[in-house]
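For reference, the structure discussed in these notes is given below.
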Amino acid sequence: MRSPLADGFGRRHNYLRISVTDQCNFRCGYCMPHEDMEWLPRQEILSFEEIERLAALFVNLGVDKVRLTGGEPTIRKELPVLVEKLKGIKGLEHLSLTTNGATLRSLAAPLRTAGINGVNISLDTLDPVKFVEITRRDHFVRVLDGISAALEAGYQSVKINVVVMAGVNEDEMCDFVRHFREHPVEIRFIEFMPFLANDWQRAKMVPYREMRNRLEREFSLVPIVTDKSAVAKEFQVEGFPVRIGFITSMTEHFCSGCNRIRLTADGRLRVCLFSKTGPSLRDPLRAGATDDEMAEIIGAVLSTKWAGHPPMSQLIQTNDRPMIMIGG
Ligand code: SAM
Ligand code: SF4
C-alpha cells in the first residue's frame with residue numbers, strides 16, 4: 001500500500017510548514033495586497049490543541065520536520081507554549097521558525113528553550129529608509145537587534161531571507177555578504193515569486209544566474225553538497241563563516257525533490273506553493289474524525305500533487321491566495 005505521505009510521483013513528504021496566523025505586523029508589498037487585508041475571524045484559525053493534534057498525526061505518517069510560519073508567527077500569543085507542545089511529539093526531530101524578526105529580542109531565548117532549533121529571519125535591505133518602503137513599518141533597528149538576539153540564543157541554524165527585486169535591492173547583495181560575513185549565518189537570496197495581488201512582473205525578478213554573477217564579482221563561492229530535497233543551492237563564502245543559499249523557484253525549480261506540504265492558518269492543506277489551496281483538515285477534525293479518517297483525507301490530497309509547478313508565465317493564474325496566507 002502507498003504511504004499516505006507519498007504522492008503519485010513517489011516523493012515522500014516529511015516536511016510540514018504550519019501557518020499559525022494569517023496576520024502580520026508588517027505590510028511587505030511583495031507578500032500581500034497594497035490595501036489592508038481582511039484577516040480571518042478568530043474561530044477560523046486553528047487552536048494550539050488543533051495544531052498539536054494535526055502535527056502529531058502528520059508525524060505519525062512520516063513527517064519529522066515542522067516549520068512554523070505565517071503571516072507573522074511571533075504575533076500569535078504564547079507562541080512558546082505551542083512550541084513546547086509540538087516539541088513533545090515523539091518522532092519530530094526538527095522544529096523551526098520563519099519570522100520577520102521584529103520581536104526576537106524578547107522571544108529568541110524563550111523560543112529556543114521551548115524547542116525551536118532553527119530560525120529564518122526576513123530582511124530585504126540594509127538601508128533603514130528602504131526598509132520602511134518595503135515593509136511599511138519603521139522596525140529596521142528592531143529586526144537587526146532581533147538577528148543579534150537569535151545569534152546570542154544559540155540556535156543550530158540562523159538564516160537571513162532576502163527576496164531580491166530588480167530596482168529595489170539587487171544592488172545590496174554584496175553589502176549583505178559584507179555585513180554578515182563574520183557570522184555563522186546563511187543568507188538566502190530568493191527569486192521574487194508571483195502570488196495573488198503582489199504586483200509581480202517578470203522584469204522585477206532577478207534570476208539565479210544573475211544573482212550569482214553579482215556575488216562572484218566580489219566573493220569566491222564554494223558549492224556545498226546538499227541532499228535531493230534541499231530547496232536552496234548552497235555555497236560557502238571562501239574565507240568566511242557566512243554561507244549563501246539561492247532559492248531558485250522561478251528559473252530552476254526543484255519540484256522533483258519536493259518533500260514539503262503546507263497547512264494554512266485556517267487548517268487547509270496545500271500541496272505546493274503554487275497550487276490552489278486544498279480541502280480543510282480543520283472541519284473534519286472539529287467534526288470528530290478519527291486519525292484513520294484524517295489520514296485518508298491527507299492521502300487523497302497528496303495524490304493530486306503535480307510533478308512540477310507550471311511555467312513562470314502561468315503561475316500568477318494558479319495562485320488563489322497572497323503569500324501572507326500561504327506562509328512561504
Ligand atoms: N512573516 C514571516 C517572514 O516574513 O519571514 C513569515 C511569513 S513570510 C510569508 C515567509 C517568507 O516568504 C519570507 O521570507 C518572505 O520574504 C517570503 N516571501 C513573501 N512573499 C514572497 C514573494 N513574493 N517571493 C518570494 N518570497 C516571498
Ligand atoms: Fe508579514 Fe512576512 Fe509577509 Fe512581510 S513577508 S508581510 S513580514 S508575512
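As the structure lists them, so they are numbered: ligands from 1, and atoms in each ligand from 1.
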Examine the side chains of [X] and [Y] and answer whether a donor and an acceptor come within less than 3.5 Å of each other.
X	Y	value
Asn25	Asn100	yes
Thr125	Glu172	yes
Arg268	Ser280	no

Exercise. Who gets closest to atom 3 (C) of ligand 1 by heavy atom: Cys31, Ser122, Gly101?
Worked result: Ser122
Seminar exercise, completed: Per-atom filter on ligand 1: closer than 4.0 angstrom to a heavy atom of Ile190 are 25 (C), 26 (N)
For [atom], find the nearest protein heavy atom and state the residue, atom name and distance (0.1 Å precision).
atom	result
atom 6 (S) of ligand 2	Cys28 N, 3.3 Å
atom 21 (C) of ligand 1	Tyr30 CD1, 3.6 Å
atom 12 (O) of ligand 1	Met323 CE, 3.6 Å
atom 10 (C) of ligand 1	Gly327 O, 3.7 Å
atom 7 (C) of ligand 1	Gly71 O, 3.2 Å

Using a 4.0 Å heavy-atom cut-off, which part of [X] comes near ligand 1: side chain, backbone, both, or neither?
X	result
Thr98	both
Thr99	backbone
Phe195	side chain

Evaluate [X] for polar contact with ligand 1, using N/O atom pairs at a separation under 3.5 Å.
X	value
Asn198	yes
Met193	yes
Glu72	yes

Exercise. Hey, mind stepping through Thr264 and Asp266 against side chain to side chain donor-acceptor pair (under 3.5 Å) and telling me if it holds?
Worked result: CA-CA 5 Å; Thr264 62; Asp266 54 349; 2.5 Å; yes
Exercise. What do you reckon, does Gly70 put a non-hydrogen atom under 4.0 Å from ligand 1?
Worked result: yes
Exercise. Does ligand 1 have any atom sitting under 4.0 Å from a heavy atom of Arg188?
Worked result: no
ILVMFWY network linking [X] to [Y], side-chain heavy atoms under 4.5 angstrom:
X	Y	answer
Leu16	Leu79	yes
Ile75	Leu107	no
Met205	Met165	yes

Exercise. Which of the numbered atoms in ligand 2 are below 4.0 angstrom from a heavy atom of Asn100?
Worked result: 7 (S)
Exercise. Which of the numbered atoms in ligand 2 are below 4.0 angstrom from a heavy atom of Gly71?
Worked result: 8 (S)
For this session: Using a cut-off of 6.0 Å, state whether more than 12 heavy atoms not belonging to Asp175 lie near its atom CG.
Result: yes
Problem set entry | Glu182, CD atom: more than 12 neighbouring heavy atoms under 6.0 Å | yes
For this session: Could you tell me whether atom 4 (Fe) of ligand 2 has an N, O or S atom of Cys24 under 2.8 Å away?
Result: no
For this session: Indicate whether atom 26 (N) of ligand 1 is within a distance of less than 4.0 angstrom of some protein heavy atom.
Result: yes
For this session: May I ask you to check if any N/O/S atom from Cys31 comes under 2.8 Å of atom 3 (Fe) of ligand 2?
Result: yes
Exercise. Mind checking whether Phe189 and Tyr208 have ring centres under 6.0 Å apart?
Worked result: no
Exercise. Centroid-to-centroid, Phe235 to Phe219, below 6.0 Å?
Worked result: no
Exercise. Does Gly70 come within less than 4.0 angstrom of ligand 2, counting non-hydrogen atoms of the residue?
Worked result: no
Exercise. Just checking, Arg137 and Phe26: is the charged tip under 6.0 Å from the six-membered ring centre and within 45° of the axis?
Worked result: no
